[in-house]
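Working notes, beginning with the structure itself.
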Amino acid sequence: MNQWIEIVYVVASVMFILGIKMMGNADTARKGNLLSAWAMLLAVVVTLWNQEVISFGWIAVGIFIGAVIGVVAAKRVALTEMPELVALFNGFGGLASLLVGWAEVKSTGNLTSLASISILLTVWIGSVTFIGSKVAYLKLSGKMPGRSIAFPGMKWLNIFIALAIIASGVIWMTMGIGIAFYITLGLALILGFLAVIPIGGGDMPVVISLLNSCSGLAACAAGFVIVNNVLIVAGCLVGTSGLILTVIMCKAMNRTLSNVLFGGFSVASSKTGAIVEGEMKGITPEDAYYVLEAAQQVVVVPGYGMAVAQAQHAAKELGEILEANGTEVRYCIHPVAGRMPGHMNVLLAEADVPYEQLHEMDDVNPTMEMVDVAIVIGANDVVNPSAADDETSPIYGMPIINTHEAKTVFVLKRGKGAGFSGLENSLFFRENTRMIYGDAKATLTALIAAFKG
Amino acid sequence: MNQWIEIVYVVASVMFILGIKMMGNADTARKGNLLSAWAMLLAVVVTLWNQEVISFGWIAVGIFIGAVIGVVAAKRVALTEMPELVALFNGFGGLASLLVGWAEVKSTGNLTSLASISILLTVWIGSVTFIGSKVAYLKLSGKMPGRSIAFPGMKWLNIFIALAIIASGVIWMTMGIGIAFYITLGLALILGFLAVIPIGGGDMPVVISLLNSCSGLAACAAGFVIVNNVLIVAGCLVGTSGLILTVIMCKAMNRTLSNVLFGGFSVASSKTGAIVEGEMKGITPEDAYYVLEAAQQVVVVPGYGMAVAQAQHAAKELGEILEANGTEVRYCIHPVAGRMPGHMNVLLAEADVPYEQLHEMDDVNPTMEMVDVAIVIGANDVVNPSAADDETSPIYGMPIINTHEAKTVFVLKRGKGAGFSGLENSLFFRENTRMIYGDAKATLTALIAAFKG
Amino acid sequence: MKLFAVKEQESRAALTPVSAKKFIDKGIEVAIESGLGEQSSFPDTAYTQVGATIQSREEGIKIADIVIRVLAPSVDEVSLMKKGAWHVSLLNPWANADVLAALAQQGINAVSLEMMPRTTLAQKMDVISSQANLAGYMSVVKATDYFSGILPMMMTPAGTLSPAKVFVLGIGVAGLQAIATAKRLGARVTAFDVREEALEQAESLGAKALRIDLGETGSTDQGYAKQLTPEQIAKQQEAQAAVCIDSDIVITTAKVFGRKPPILIKKEVVAQMKAGSVIADLAAEGGGNVEGVVADEVVTTENGVTLLGYHKFENFVSRDASSMFASNIEHFFNHFWDKETSTWLANTQIQLQSEEQDDILKGCLITTGGAIVHEQFKA
Amino acid sequence: MKLFAVKEQESRAALTPVSAKKFIDKGIEVAIESGLGEQSSFPDTAYTQVGATIQSREEGIKIADIVIRVLAPSVDEVSLMKKGAWHVSLLNPWANADVLAALAQQGINAVSLEMMPRTTLAQKMDVISSQANLAGYMSVVKATDYFSGILPMMMTPAGTLSPAKVFVLGIGVAGLQAIATAKRLGARVTAFDVREEALEQAESLGAKALRIDLGETGSTDQGYAKQLTPEQIAKQQEAQAAVCIDSDIVITTAKVFGRKPPILIKKEVVAQMKAGSVIADLAAEGGGNVEGVVADEVVTTENGVTLLGYHKFENFVSRDASSMFASNIEHFFNHFWDKETSTWLANTQIQLQSEEQDDILKGCLITTGGAIVHEQFKA
Amino acid sequence: MSIYLLLVFTLAAFLGFELIAKVPSQLHTPLMSGSNAISGITLVGALFATGSIEGWGGSYATWLGLAAVILATINVVGGYLVTDRMLGMFKKKDS
Amino acid sequence: MSIYLLLVFTLAAFLGFELIAKVPSQLHTPLMSGSNAISGITLVGALFATGSIEGWGGSYATWLGLAAVILATINVVGGYLVTDRMLGMFKKKDS
Ligand SMILES: NC(=O)c1ccc[n+]([C@@H]2O[C@H](COP(=O)([O-])OP(=O)(O)OC[C@H]3O[C@@H](n4cnc5c(N)ncnc54)[C@H](OP(=O)(O)O)[C@@H]3O)[C@@H](O)[C@H]2O)c1
Ligand SMILES: NC(=O)c1ccc[n+]([C@@H]2O[C@H](COP(=O)([O-])OP(=O)(O)OC[C@H]3O[C@@H](n4cnc5c(N)ncnc54)[C@H](OP(=O)(O)O)[C@@H]3O)[C@@H](O)[C@H]2O)c1
Ligand SMILES: NC(=O)c1ccc[n+]([C@@H]2O[C@H](COP(=O)([O-])OP(=O)(O)OC[C@H]3O[C@@H](n4cnc5c(N)ncnc54)[C@H](O)[C@@H]3O)[C@@H](O)[C@H]2O)c1
Ligand SMILES: NC(=O)c1ccc[n+]([C@@H]2O[C@H](COP(=O)([O-])OP(=O)(O)OC[C@H]3O[C@@H](n4cnc5c(N)ncnc54)[C@H](O)[C@@H]3O)[C@@H](O)[C@H]2O)c1
């Protein structure tokens with residue numbers, strides 16, 4: 001009997017695998033979700049056949065209540081509130097895992113060390129997931145201020161709590177002191193709270209994705225607790241694929257994960273506002289891809305470097321791919337870009353960029369703040385903000401393309417070479433600028449490759 | 001103790017996984033191979049610690065002999081003979097698995113049914129792998145004629161033997177009659193022989209790859225026999241990844257797997273040579289990719305359809321990608337291609353195809369037999385072989401581009417539309433022609449995407 | 001066998017040193033009139049170097065088995081020819097009844113190159129196509145030269161110059177090449193033709209096609225356009241007028257085979273065009289597609305529009321035009337050349353019954369055996 | 001403030017209706033000489049429509065605070081001007097010492113547009129660049145017109161025409177645009193310049209750069225080329241000769257700021273070129289880069305090479321040339337325009353000490369306060 | 001035994017990494033939501049916790065289990081439904 | 001127990017499919033050869049078969065095992081070496 005249940009668990013696991021795979025592709029996503037829902041049903045139903053499960057009353061009650069709440073919440077929620085609902089659900093999942101671990105403590109007398117470790121992990125991860133998701137929910141729904149909340153020394157406090165959690169966990173495990181269990185649980189809840197409040201509302205989607213990964217791991221840990229394959233497989237799948245997804249989402253926001261998670265602390269400690277001069281930050285074409293993929297509005301600013309690299313065809317192709325991806329692409333041509341009047345026109349005409357996509361500086365500049373990504377292809381002087389804000393600059397007074405006002409700027413150039421007028425360009429040092437080093441054609445080809453991958 | 005051995009097995013499994021992944025990429029392939037070699041060493045060494053392994057004498061002798069032979073063979077072999085050596089090694093692997101299964105039969109009295117089934121699978125797959133590889137080796141090294149060897153009724157004989165194998169296996173398992181075990185083994189060897197001899201020498205690489213996948217499965221089955229994780233994981237990895245690789249290799253030869261495996265039979269039964277009129281065979285851009293990826297020489301023949309689709313930029317890009325892949329690409333322009341004199345020149349110049357790559361018909365035609373793939377982009381009349389061989393054709397006598405003499409022809413067109421002169425084109429029905437339907441630009445973009453994927 | 005190439009009153013030649021060499025290699029004796037290639041950058045020495053001889057016109061015509069030239073001969077010249085000799089050239093058979101008669105009377109096998117069938121196979125002998133192609137190219141170069149602005153777009157420190165608007169009317173071979181050339185120079189090109197497939201062809205070169213619903217139209221089985229009904233013309237002209245007025249350069253190429261070309265652009269439309277704009281009319285020879293155009297002249301209207309009525313735009317690229325013309329004739333010759341026996345089979349061909357005759361020869365042979373044999377020109 | 005635009009003896013105008021409107025919108029009174037834009041497709045009415053008035057030349061010059069025109073004024077015209085008035089135009093200051101003297105004497109603030117500094121900031125006022133750009137374009141159009149073949153490659157039924165070979169000597173603004181235009185038309189372009197960075201720029205337009213090792217060269221800090229040593233010139237000419245002889249079209253653009261242009265192509269080289277080929281010399285005005293070229297004339301050599309010595313190729317696209325010229329002047333004006341107070345600050349600028357003066361003004365102001373103030377032309 | 005769990009965990013982890021390669025940005029949220037629903041698999045654990053004692057009576061563990069069942073069910077049911085709604089809209093937007 | 005083997009098998013099978021996506025054609029042979037070497041993992045099984053009886057004496061099973069050890073070792077050692085040689089040449093050709 002139990003053998004067959006296990007086999008069905010294997011089948012369900014396979015369905016989960018296929019479901020997740022299908023959800024990564026727009027055409028099959030919905031089917032994938034359905035498939036994984038069926039897998040869930042299968043796993044649940046077959047569990048009820050298990051000999052260990054002998055009473056169904058409370059289960060029925062629980063499932064009924066949960067299902068009603070779930071259905072109502074899912075049907076009622078407004079489109080705009082979906083992200084916070086997901087956060088809330090996720091928190092429930094984490095809490096459920098926590099409770100499973102806790103229940104195991106209560107119901108089983110003698111725990112093996114594997115079981116104890118698993119229980120601790122379940123409780124810890126479950127708590128963090130639960131509280132973190134709850135905070136994320138509150139922040140997103142506006143019931144708690146969305147901004148980063150932090151205080152000096154927070155980092156040290158967190159480290160202290162983390163150590164305390166481990167300590168009390170070890171005490172519980174080795175000495176079997178019951179109270180230590182509750183202490184570790186409580187401390188994990190506090191840590192979860194402290195970890196998430198310093199993160200700003202804008203970063204919440206990434207945090208939710210990470211917490212989602214955590215809730216998967218919690219389920220996985222619960223699987224170790226009750227020695228159940230389907231929990232391990234499904235939980236672990238969610239844990240790792242969720243982690244990858246989190247990284248991808250970070251990249252799409254041109255952030256790193258640690259930047260998202262711990263950025264809040266540093267802002268809290270050093271409040272010295274506007275960034276004046278920083279360092280030139282490089283980015284790989286692969287990472288730049290994620291940002292472009294998520295962009296709604298892109299402006300391409302070609303310059304002499306595009307001509308040198310003969311990258312016009314590649315630029316056009318990238319433009320086409322972006323458009324096919326639903327992005328609005330405009331080419332903004334500065335009157336003095338290149339080395340002869342109309343240099344860029346010759347090249348872009350050769351690459352067959354439609355006349356309608358070519359824009360003059362004065363048309364594009366007013367809308368620059370709406371632009372998600374400005375791609376500067378081998379241009380330099382014509383996007384040098386010093387012309388606008390540095391009176392001592394020899395090009396002060398020349399109108400430039402205000403790419404620095406775009407949300408993100410990608411600058412494609414080979415190295416630290418200056419432009420025609422030999423000036424340092426402060427654009428390259430801005431917070432929202434990323435340099436993609438290398439010959440412009442090679443870089444564009446790499447970007448295109450990333451899209452087609 | 002045994003626990004740690006198992007953990008090391010898990011580590012080795014992970015190393016195998018990473019090793020295979022790395023071998024799929026040119027930059028990391030060598031490192032991947034090394035990693036998997038280390039994993040193997042680890043698995044072997046740790047096995048010797050196992051309590052079940054109590055005598056090391058014969059093991060040392062065996063490993064010594066095997067290692068010497070392996071090293072000498074691998075070092076001595078000429079470059080050109082590597083494929084057959086791989087086949088030979090593969091056969092040894094299969095045979096080894098077979099022997100492991102057999103030994104288990106001899107050493108263990110009471111076999112569980114799982115063990116019995118596993119043993120049978122080990123023996124069957126091992127035999128087929130062994131004999132199949134041996135035949136492949138003999139064919140490749142010229143010690144056996146490379147051509148397909150078959151006789152009428154062979155198919156039925158094979159089916160009969162297969163049934164007999166299963167029957168004797170079941171008899172052995174259920175009734176424990178020892179002789180039945182040897183019968184099933186012997187029959188499996190015969191079947192392996194019969195399955196491979198009808199396959200021609202040119203298809204041997206694919207067969208070896210498939211047998212390689214089989215030897216992985218044999219090892220996996222042996223893993224079930226002796227209940228050993230690392231055998232199961234490593235064997236299964238080889239089994240499935242080898243299968244995928246086999247399919248990929250078939251695609252690169254523009255064949256299907258069943259065509260390779262069972263093509264030999266049909267040739268034997270119907271000997272009606274030259275194909276005159278067949279059907280138009282479609283192919284997807286994804287499958288066409290595999291063929292192009294493996295091509296050394298490509299000729300692109302543009303026609304009016306390329307102009308209609310405005311696919312010149314995409315054509316140029318595909319050309320560039322192919323060149324980057326080490327393929328020699330030439331554009332061959334027929335004097336009347338398009339709808340005005342020089343139509344193709346205008347378009348290809350616009351797309352910046354270098355002057356040096358444009359060739360006249362008379363330059364390319366004599367070398368056409370060396371061409372691996374001719375890509376016909378929306379051309380029709382200018383590649384219609386009727387002009388050369390059908391005296392009744394209205395265009396009889398017009399020189400054409402002899403794409404039909406290329407090893408493979410891809411024709412990119414939207415449907416069954418005729419060309420300017422309204423004639424049926426026999427090129428499209430040839431054995432070596434594959435149609436890629438759809439707007440030429442979309443098709444080329446899909447091909448490019450496949451390359452960049 | 002003797003071949004003689006006559007010097008023309010225009011800048012093209014029917015024989016180039018390259019094609020002369022090909023004839024000579026076949027064993028043909030080639031003679032040319034002195035100065036044959038002078039205007040198309042081929043000096044006499046280039047011909048003699050490959051083995052051609054120089055002969056006076058009279059002498060050359062008298063002894064030749066094949067006379068080749070660009071345009072139709074005079075009646076006097078015909079009378080000098082040997083009976084049974086071949087004459088290969090453009091003949092303008094609709095306008096030269098007297099010459100046809102003379103050719104017939106003299107017993108000449110006269111080939112009219114404009115009657116070459118428009119089949120895939122005959123394309124390499126088709127001078128109408130090869131010359132129209134160059135004319136289309138040159139019409140844009142000339143118009144660009146006369147236009148007071150530039151064609152490409154330029155975003156410069158001194159402001160943005162938008163691309164010039166070019167309108168091509170009639171998308172035959174010449175129109176297509178005009179589209180291609182104007183596109184190359186960076187202009188925005190709109191094109192119009194009464195034939196639907198021609199619009200698709202224009203688009204295949206990146207032009208915008210002007211689609212006007214005209215109802216039933218068509219082309220003859222030879223690929224030439226049919227004449228339109230008056231209502232169709234009115235409707236068409238209205239739609240065109242709007243585009244014309246908006247354009248900087250207009251190229252018209254609508255000839256109708258053997259008839260007067262249709263008027264596509266009226267005086268009133270020209271009068272509304274911008275100063276500095278240019279119209280090139282490739283049909284000017286037959287009367288023009290544009291009202292006010294004068295054949296072979298450049299006129300500027302009151303409102304500053306330049307009308308180019310050059311007779312033959314291809315003559316401005318005489319070197320390449322001659323090369324193509326000569327190559328077409330050579331291909332025609334080769335079509336009947338039997339390599340094995342090194343004989344020219346055209347003489348045997350004309351003895352055959354009409355059904356058995358070669359389609360190409362049937363299409364372009366006007367006179368033979370003392371009579372006019374071509375269906376269209378039989379009296 | 002009053003602005004007057006003088007009609008020129010050539011086809012360009014220093015004011016267009018568009019730029020006139022911009023001045024008028026600033027509150028400037030604009031007057032023009034009748035017929036100002038006649039040759040550049042701008043009728044008088046176009047100016048009056050935007051609010052300009054028509055005045056006789058004499059009257060206009062007399063009352064204007066700013067006189068603008070394309071070329072230098074005559075001494076007589078200078079004498080009519082108000083003291084302290086501005087005169088903005090090309091002055092050719094190296095050749096017009098008398099005019100400079102007259103301007104100084106009359107107390108005029110005279111701006112020589114050719115002295116505009118070649119900085120990124122001044123580029124929008126730089127007429128040398130804007131006109132050279134059009135000249136480069138037009139040189140190719142003219143050469144294409146005269147060339148006896150076509151530029152693009154064509155693989156046709158009548159044989160393959162290889163792309164024409166174009167050689168551009170001197171890769172300044174004009175040379176670059178010539179390269180771009182010839183490339184567009186499908187030619188194979190080789191380019192040469194003594195400046196290494198110019199070669200890279202040519203390549204950025206898809207041309208093949210001819211690299212000759214000449215040793216030490218350079219450009220002035222203004223971006224103009226320095227004169228070469230005799231040995232350098234010899235070496236360079238040898239390498240160039242080979243390319244020239246192989247080319248169908250040659251464009252030379254090497255002017256050296258304020259001096260006679262170097263001879264880049266000798267008579268012997270021209271004599272070896274193919275019949276039907278064309279040389280366009282953009283330096284013809286100052287004597288030419290090509291031996292045998294005659295300023296403002298088209299000559300054909302004995303061996304059939306056409307030499308185009310047009311004075312100013314940009315004049316053939318007078319509409320766009322005028323637009324750019326006018327826009328350059330307008331940008332110059334704007335540079336000193338204070339939007340808030342609606343005043344022109346150039347008058348205050350010239351009162352300043354040299355160190356404090358605007359770089360652009362310092363670069364191009366020749367006379368002020370009764371004296372020649374520009375370093376290069378101070379007596 | 002625990003080794004097998006470890007091996008299964010390891011293999012599943014690798015699979016998880018391999019499965020999600022380049023997800024288009026529009027799918028980020030649905031994918032997150034969908035895999036969140038999967039993480040409700042902990043429901044299976046909750047069932048064991050709740051159902052292992054007979055009848056309606058309940059120990060401490062049962063109550064914990066019951067809570068877990070409710071919460072996990074919300075996560076599962078709500079999660080799948082919300083994801084499906086999101087993907088449904090997505091379809092419409094595209095076509 | 002056997003269920004775990006099955007689960008491990010299933011997961012490994014999926015991993016195998018996911019791992020090999022688009023292998024460049026030059027790598028086909030080395031990859032085949034390299035994974036062939038991995039399939040020599042059956043050597044581990046052979047070790048059990050050979051080493052489970054003490055001393056130099058040997059049963060039928062030992063002899064089978066010994067043969068298996070020899071063959072599997074050839075496969076492993078030779079396989080890895082040949083693959084490495086192939087990949088070595090490949091490097092050279094590219095650079
Ligand atoms: N338009 C005209 O008529 C004209 C004429 C003469 C001068 N100018 C002057 O030229 C300037 C034009 O500005 P711009 O922004 O177009 O160009 P720019 O300021 O000269 O900058 C070009 C940039 O491209 C990069 N680059 C060069 N080759 C590259 C390659 N292969 N791949 C990627 N990047 C490459 C260079 O940096 P790396 O070296 O680090 O790669 C350089 O910073 C203005 O100052 C203008 O005044 C214009
Ligand atoms: N060169 C000249 O001067 C000239 C002038 C006039 C006529 N011609 C004649 O034109 C012919 C030229 O031969 P050709 O081989 O170039 O062209 P073709 O024989 O006309 O064939 C063109 C092919 O392209 C396909 N096609 C059309 N649109 C397409 C699209 N968007 N994507 C993919 N395929 C598309 C069509 O098939 P589907 O409809 O199935 O897609 C058609 O079979 C000759 O017969 C020649 O004599 C030439
Ligand atoms: N079979 C071949 O190989 C071959 C060779 C050359 C040309 N052709 C075809 O022959 C056809 C005619 O070519 P052509 O250059 O000799 O044409 P043409 O000189 O006879 O006419 C030029 C064009 O003007 C158009 N036209 C006529 N009246 C018009 C009107 N009132 N308004 C607008 N347009 C009008 C015609 O449709 C034609 O496209 C083309 O389709 C061409 O592709 C075929
Ligand atoms: N800063 C700016 O914004 C700006 C504006 C316009 C031009 N420029 C630069 O100024 C430079 C000069 O431009 P220009 O068009 O006025 O040049 P120009 O008219 O002075 O000379 C034309 C070209 O001829 C070359 N030349 C001179 N002698 C030669 C010889 N013996 N052989 C071959 N070539 C020779 C010069 O190097 C120059 O490139 C260019 O680099 C241009 O990019 C800069």
Side-chain angles (χ1 to χ4, degrees), chain B residues 16 20-21 23-24 26 29-30 33 36-37 40 43 47 52-55 57-59 62-63 65-67 69-71 73-74 86 89-90 92-93 95-97 99-100 102-103 106-107 114 209 212 215-216 219 222 226 231-234 236-238 240-242 244-245 249 252 293-294 453, chain F residues 2 5 8-9 12-13 15-17 19-20 22-25 27-28 30-36 38-56 58 60-62 64-84 86-87:
Chain B
F16 281 129
I20 290 184
K21 189 168 174 62
M23 284 195 68
R30 205 169 180 182
N33 188 47
S36 104
M40 182 65 75
T47 303
E52 285 178 39
V53 180
I54 43 182
S55 105
W58 288 121
I59 288 179
I63 286 186
I65 297 175
I69 297 178
V71 170
V86 172
F89 287 162
N90 192 48
F92 290 162
L95 185 55
S97 294
L99 294 176
V100 170
W102 190 352
K106 286 288 126 192
S107 62
L114 176 75
S209 176
N212 169 38
S215 75
I226 62 167
L231 255 73
I232 295 179
V233 173
C236 185
L237 281 174
V238 171
T240 50
S241 67
I244 296 282
L245 182 63
M249 286 169 79
E293 206 273 331
Chain F
S2 51
L5 297 180
V8 166
F9 175 82
L15 251 183
F17 279 118
L19 283 178
I20 302 300
K22 263 179 198 154
V23 192
S25 54
L27 281 183
H28 288 176
L31 181 60
M32 176 172 86
S33 167
S35 63
N36 167 44
I38 297 181
S39 71
I41 188 73
T42 200
L43 174 57
V44 168
L47 295 182
F48 281 109
T50 317
S52 50
I53 285 170
E54 215 153 338
W56 285 94
Y60 194 129
T62 314
L64 289 175
L66 176 62
V69 169
I70 296 175
L71 292 168
T73 308
I74 296 177
N75 188 5
V76 168
V77 174
Y80 280 117
L81 281 179
V82 164
T83 311
D84 197 60
M86 280 186 212
L87 289 169

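A, B, ... follow the sequence lines: proteins, then strands. Residue 1 opens every chain.
- Contact check for B:Asn33 versus F:Met86: no side-chain heavy atoms found under the 4.5 Å cut-off.
- Residue contact with chain F, scored on non-hydrogen atoms closer than 4.5 Å, involves the backbone and the side chain of B:Ile63 alike.
- Interface summary for chain F: among B:Val71, B:Leu95, B:Asn90, B:Ile65, the most heavy-atom pairs under 4.5 angstrom belong to B:Asn90.
- Closest of all the heavy-atom pairs between B:Ala103 and F:Ala49 is CB-CB, 3.8 Å.
- Side chain of B:Asn212 to backbone of F:Asn36: a donor-acceptor contact under 3.5 angstrom is found.
- Heavy atoms closer than 4.5 Å to chain F are found in the side chain of B:Ala222, but not in its backbone.
- Contact count against chain B (heavy-atom pairs under 4.5 Å) is highest for F:Ile38 among F:Thr83, F:Val69, F:Val8, F:Ile38.
- In plain terms, the two heavy atoms of F:Thr73 and B:Ala67 that are nearest each other are CG2-N, 3.4 Å.
- F:Asn75 CG to B:Ile69 CD1: the interatomic distance, rounded to the nearest 0.5 Å, is 12.5 Å.
- By number of non-hydrogen pairs under 4.5 angstrom with chain F, the leading residue of B:Lys21, B:Met249, B:Lys106 is B:Lys106.
- When side chains are defined from C-beta on, F:Leu27 does not count as touching B:Met23, because their heavy atoms never get closer than 4.5 Å.
- When each of F:Ile70, F:Leu43, F:Leu66 is checked for heavy-atom pairs under 4.5 Å with chain B, F:Ile70 comes out on top.
- Put simply, CG on B:Leu237 and CZ on F:Phe17 are 11.0 Å apart, with the number rounded to the nearest 0.5 Å.
- Scanning both residues, B:Val86 and F:Met32, for their nearest heavy atoms gives CG1-CE, 4.4 Å.
- The contact between B:Leu231 and chain F is made by backbone and side chain atoms together, counting heavy-atom distances below 4.5 Å.
- When each of F:Ile74, F:Leu15, F:Val77 is scored by its heavy-atom pairs under 4.5 Å with chain B, the top score falls to F:Ile74.
- The nearest pair of heavy atoms linking F:Gly16 to B:Thr240 is CA-OG1, 3.1 Å.
- With B:Phe89 as the fixed residue, the side chain to side chain contact (heavy atoms under 4.5 Å, CB included) test singles out one of F:Val82, F:Leu71, F:Leu81: F:Val82.
- Among B:Leu114, B:Ile226, B:Val233, B:Ile20, the residue making the largest number of heavy-atom pairs under 4.5 Å with chain F is B:Ile20.
- The two residues B:Ala294 and F:Ser25 come nearest to each other via the heavy atoms CA-OG, 3.5 Å.
- The two residues F:Ser39 and B:Ser215 come nearest to each other via the heavy atoms OG-OG, 3.0 Å.
- Proximity to chain F (any heavy atom under 4.5 Å) is shown, for B:Ala73, by neither the backbone nor the side chain.
- For the set F:Leu31, F:Leu47, F:Leu19, F:Ile41, the count of heavy-atom pairs under 4.5 angstrom toward chain B peaks at F:Ile41.
- Each of B:Gly24, B:Ala252, B:Ala37, B:Ala219 has some count of heavy-atom pairs under 4.5 Å with chain F, and the biggest count is that of B:Ala37.
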